[in-house]
Amino acid sequence: MRYEKDLICENIKVDENGRLLFAGHDAESLAKEYGTPVYLMDEDRVRQRCRTYLRALKSAFGDKGKALYASKAASFKRIYEIMKEEGMGIDVVSSGEIFTAIKAGYPLENACFHSNNKTDADISFAMENKVGYFAVDNEEELYAVSEEAKKRGIVQKILLRITPGIDPHTYEAVSTGKVDSKFGNAIETGQAEKITRLALSAKNVDLRGFHCHVGSQVFDSDVYLRAAAVMLRFIADIKEKTGYEASELDLGGGYGVRYVSDQPVIDIAANIAQVGDYIKTECAKLGIEMPCIAFEPGRSIVADAGMTLYTVGSVKRIPGYKNYVSVDGGMTDNVRFAMYGSPYTILPAVGADKERNMICSVVGRCCESGDVIQNNVFLPEDVKRGDVLACLTTGAYHYSMASNYNRIPRPCTVMLSEGSSFVAVKRESLEYLTGLDI
Ligand code: LLP
């Protein structure tokens, strides 16, 4: 098993001594300095990805292009600071994310508040803090938002979440655009038109347009063309029926990233350019003004900027059955294999260029058989306690989905930037774990 094909992102290298480098830093040295498990995040890569989206949207849609970072992928203060500096909008889904953005000094007029069930407290908190847009999911929420706006004597900008009825061919748990989804209002059933009419008659909301999000880890390039086609037709249909012409269309997030070498690299710029050409042609055909077009990438901004380092605790060989390599993290810092069976690439931090002939499952330290990070991993035969292993592509939906199962503290997050490194989120302490216990 050769290692070259496993260097799945340009920020991962192996030097002439077989040492794994991430964003130019020696992985084992980082493990020694910060302890393990540790989440690493290549800040320069995050910025590069933001710029790719911003440039692509500018070139496809001019001033009508907008990029919002879906902060559910990774939410902590430093990320919102970066988004502010890069001029990205943000998608937030809870008071917790809004509060974190506030703490980072992020200008919330550039935020859009999603979620399929905003509580009254969330709605009030978001309005109090002047979140720019609400993506309203359902009728109850429309009334609640309108009521809260009325109480405050304001008019709240909103988008309506529409379900375009598209299957993005990704895994079921992250597929959100199909008619039977828990999110949004289906066009097919007439619910999208109904909620649009309600929003148009509500006094304290300003309906700016529509939003859809078809799914995550999407590779088919035609998915956004299909979504745009359905949404533009809907806009045209509503215009014909009511005279209302939407000025904004948010196509959501979802572009896939590479976790393993047999997954493709998506050319975001080329994809968005294609969507841009398509939208312009369709708008002309349908006789509507091109709306402002937003994309809301999460995973593709942060995923391959991330790496997790672990230390091996035990190597268990069960003759005739299988091999286990246990590490000092697991489903508490990476629940994605347990939840979705997601593939990962795992490499040793030292001897990364060695032959890897031992097939094993890399498992965590939780009291749960399902606590697996990856099956069928190839590692060197001599892997042993104390070795550092790197799990690649862990920047999205890892820290944000981490838990304290078995009262295991969450790892720290270390940012890597321009040759320096610093802790952006501290490692949780045992004191912290009991901090809320009475
Ligand atoms: N916009 C909306 C409204 C969303 O619901 C999502 C993701 C995004 C944007 C960003 O999608 P992305 O670009 O990250 O694919 N926990 C799962 C992913 C759940 C995605 C939820 N919504 C995972 O670990 O794969």
Side-chain angles (χ1 to χ4, degrees), residues 39 46 49-50 52-53 56-57 66-75 79 83 88-94 97 111-118 133-138 141 158-164 166 168-178 181-185 210-220 223-224 227 231 249-260 263 266 268 271-272 293-306 308 331 333-344 373 391 393-403:
Y39 293 124
V46 174
R49 301 296 285 168
C50 292
T52 298
Y53 271 99
L57 285 160
K66 251 195 202 178
L68 287 84
Y69 165 61
S71 65
K72 69 207 79 180
S75 175
I79 280 288
M83 295 307 143
M88 293 280 288
I90 56 167
D91 145 358
V92 288
V93 291
S94 69
E97 287 184 356
C112 182
F113 188 12
H114 286 278
S115 137
N116 68 308
N117 187 9
K118 302 168 186 72
Y133 285 76
F134 279 57
V136 171
D137 183 273
N138 53 67
E141 198 170 286
I158 65 163
L159 303 176
L160 290 175
R161 174 120 182 201
I162 304 299
T163 322
I166 282 179
H169 304 123
T170 177
Y171 47 108
E172 193 60 30
V174 295
S175 176
T176 48
K178 294 198 273 177
S181 167
K182 79 163 178 171
F183 298 99
N185 304 271
F210 303 106
H211 170 275
C212 70
H213 170 77
V214 290
S216 200
Q217 188 63 351
V218 171
F219 286 110
D220 285 2
V223 164
Y224 295 91
M231 295 301 288
L249 172 60
D250 184 332
L251 291 171
Y255 279 114
V257 303
R258 245 177 148 200
Y259 290 89
V260 288
Q263 289 172 326
I266 296 189
I268 300 288
N271 256 272
I272 290 181
I293 303 291
F295 276 82
E296 274 165 7
R299 190 191 310 271
S300 54
I301 297 286
V302 288
D304 60 22
T308 307
M331 65 190 291
D333 62 81
N334 178 2
V335 75
R336 297 192 68 261
F337 182 78
M339 255 182 110
Y340 317 116
S342 302
Y344 282 98
I373 293 175
C391 182
T393 329
T394 62
Y397 304 109
H398 280 240
Y399 173 62
S400 61
M401 290 175 80
S403 77

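By convention here, the first residue in the shown sequence is residue 1. Order of listing sets the numbers, starting from 1, for every ligand and every atom in it. Not measured: the values here are computed from a predicted model. The analysis underlying the following values was restricted to heavy atoms, covering all of them including side chains, and did not include hydrogens, waters or symmetry mates.
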_Enumerated ligand 1 atoms positioned under 4.0 Å from heavy atoms of Tyr340_ = 16 (N), 17 (C), 23 (C), 24 (O), 25 (O)

_Just to be sure I read this right, does ligand 1 sit under 4.0 Å from the backbone of Lys72, its side chain, both, or neither, counting only heavy atoms?_
side chain

*Could you list which atoms of ligand 1 come closer than 4.0 Å to a heavy atom of Asp91?*
1 (N), 2 (C), 9 (C)

*Taking distance alone, with no angle check, do Glu296 and ligand 1 share an N/O pair under 3.5 Å?*
yes

*Is any N or O atom of Tyr397, backbone or side chain, closer than 3.5 Å to an N or O atom of ligand 1?*
yes

_Is it the case that the side chain of Ser400 and the backbone of Lys72 share a donor-acceptor pair, with hydrogens and angles ignored and the cut-off at 3.5 Å?_
yes

*For Arg161, the ligand 1 atoms whose distance to one of its heavy atoms is below 4.0 Å*: 3 (C)

*asked:* For Asp333, is there any backbone N or O sitting under 3.5 Å from a side-chain donor or acceptor partner on Tyr39?
replied: yes

*asked:* Is it the case that the ring center of His114 lies less than 6.0 angstrom away from the ring center of His211?
replied: yes

*Would you find a donor on one side and an acceptor on the other, under 3.5 Å apart, between the side chain of Thr308 and the backbone of Cys391?*
no

_Taking distance alone, with N or O pairs closer than 3.5 Å, would you say Tyr255 contacts ligand 1?_
no

*Asn185 backbone acceptor or donor facing Asn138 side chain under 3.5 Å*: no

*Which atom pair, heavy atoms only, marks the closest approach of Ser300 to Arg49?*
O-NE, 2.8 Å

*asked:* Please check this pair: side chain of Arg258 against backbone of Gln263, looking for a donor-acceptor N/O pair closer than 3.5 Å.
replied: yes

*Closest to atom 11 (O) of ligand 1 among Arg299, Gln217, His213 (heavy-atom distance)*: His213

*With heavy atoms of Gly254 as the reference, note each atom of ligand 1 found under 4.0 Å away.*
11 (O), 12 (P), 13 (O), 15 (O)

*Enumerated ligand 1 atoms positioned under 4.0 Å from heavy atoms of Arg336*: 23 (C), 24 (O), 25 (O)

*Compute the ring centroids of Tyr255 and Tyr224, then answer whether they are less than 6.0 Å apart.*
yes

*Would you mind running through ligand 1 and noting each atom that sits below 4.0 Å from a heavy atom of His211?*
3 (C)

*Six-ring centre of Phe113, Lys118 cation under 6.0 angstrom, axis tolerance 45°*: yes

*Which of the atoms of ligand 1 are close to Met401, meaning less than 4.0 Å from one of its heavy atoms?*
16 (N), 24 (O)

*asked:* Counting only heavy atoms closer than 4.0 Å, does ligand 1 sit against the backbone of His398, its side chain, both, or neither?
replied: neither

*Just which atoms of ligand 1 are under 4.0 Å from any heavy atom in Pro297?*
13 (O)

*Which atom names give the shortest non-hydrogen contact between Gln217 and Gly256, and what distance separates them?*
OE1-CA, 3.2 Å

*Just go through Ser216, Ala73, Ala70 and tell me whose heavy atom is the nearest to atom 15 (O) of ligand 1.*
Ser216

